[in-house]
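Let me begin by presenting the structure, written as structure tokens, before commenting on it.
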Amino acid sequence: MTSLRMMIVGAFMGLLLLPTLALAVAVDENPLADPALEQQVQDISKTLRCLVCQNQSIEDSNSDLAKDLRNVVRERVAAGDNGDQVRAYMVDRYGEWVLMSPPVSQRTYVLWLGPLALVLVGLFAIIVMMRRRAADGTQIDIALSDEDKARAKALLKGNDE
Amino acid sequence: MSEQNSVWRARLTRFVPLAVFALLASALYVGLSLNPKEIPSALIDKPVPQFDLPALVGRDADSGLSTADLHTGDLAIVNVWASWCVPCRVEHPLLKRLAAQSGVPVHGLNYKDRPDNARAFLDELGDPFVRVGVDASGRAGIDWGVYGVPETFIISGEGTILHKHIGPLTDQAIDSILLPFLAEAQGK
């Protein structure tokens, strides 16, 4: 009984240790001495996509390449580059693919404006359908034959009197 | 007249969901069959980056690889490899075949490797390379836009990157893409 409990506690402790292990992989990088610059490095790294573990930023990824790229970001920031300059440096080498958020350009209009266009198309369809439905209501009156109209008039008159 | 129109309209609107579905299905069919691991190179038609890598110590042909080595006026192939990279091992015989059949010099960019391991790799599997540059830090690799080994570049005589093959070479890629590409580039 106690040994089972020990095992459960042990497994739980092991789980608690996991995040520290993950951190341990990344220690052979040297953060910049200036905390403000290092913060800038982290902010920039978050906007750059890791090429190995796709859909993770190089800040989140533990792959060797992400580590190397973080060091390149450090180097550029230490040399006085701002975020846009560092991103341009990476785009020169890896293409716009490395940007977590693709820039609005002729090639990405569909990407950025597509959803908006779909919403507009949907709204348009709803408006057209509602109009048509309203129009259909009046069309029933118009579609009446003369005979029907006369009957309707007679009925209405009859009710009025 | 208008009655007939509305009948036709009703018949056509019945197919709208089907059309939307067909559009979505074909978009997904194309989108999902793309390989997300293949990121198109940003360096195609650009000059090779500035780099100057030392030779692999103890290799017979004791020559490194630099930007100037890729401005010889003749086509060249640059293969990024490492001894720790398993697909490189698989690819190696094909790289030798590519070198032999195309007659184009193949240079090696030894990426983040240990020199003794790299030498052992070449001793065991053969050495198709004219020049080998050692990129111990991986920094030149980044300038080349390398994100996974192996990668194979075709360079023009003027030092322009013409083509990039991502991942290990295959018989099919050599016969249907690389050899015809090299033949055409040589003809120019």
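Lettering of chains follows the sequences in order, A, B, ..., and the numbering in each one begins at 1.
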Roughly how far, to the nearest 0.5 Å, is [atom2] of [Y] from [atom1] of [X]?
{"X": "B:R139", "Y": "A:N71", "atom1": "CZ", "atom2": "CG", "result": "9.5 Å"}
{"X": "A:R93", "Y": "B:D143", "atom1": "CZ", "atom2": "CG", "result": "4.5 Å"}
{"X": "B:T13", "Y": "A:M129", "atom1": "OG1", "atom2": "CE", "result": "9.5 Å"}

Exercise. Go through the atoms of A:V91 and report whether side chain, backbone, both or neither lie under 4.5 Å from a heavy atom of chain B.
Key: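 Contact with chain B is through the backbone of A:V91 alone.
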
So, for [X] and [Y], which heavy atoms are closest and what is the spacing to 0.1 Å?
{"X": "B:A42", "Y": "A:G95", "value": "CB-N, 3.2 Å"}
{"X": "A:V52", "Y": "B:Y147", "value": "CG2-O, 3.7 Å"}
{"X": "A:D68", "Y": "B:Y111", "value": "OD2-OH, 4.5 Å"}

Is there a path of hydrophobic side-chain contacts, each under 4.5 Å between heavy atoms of I, L, V, M, F, W or Y residues, that connects [X] with [Y]?
{"X": "B:F51", "Y": "B:V134", "result": "no"}
{"X": "B:V106", "Y": "B:F153", "result": "no"}
{"X": "B:L95", "Y": "B:L162", "result": "yes"}
{"X": "B:L179", "Y": "B:I155", "result": "no"}
{"X": "B:L43", "Y": "A:L65", "result": "yes"}

Quiz item: Checking B:K46 against chain A: side chain, backbone, both or neither under 4.5 Å from a heavy atom?
Solution: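 Neither; nothing under 4.5 Å.
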
Self-check item: Side-chain donor/acceptor of A:Y94 to backbone N/O of B:V146, under 3.5 Å
Solution: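 A pair under 3.5 Å: yes.
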
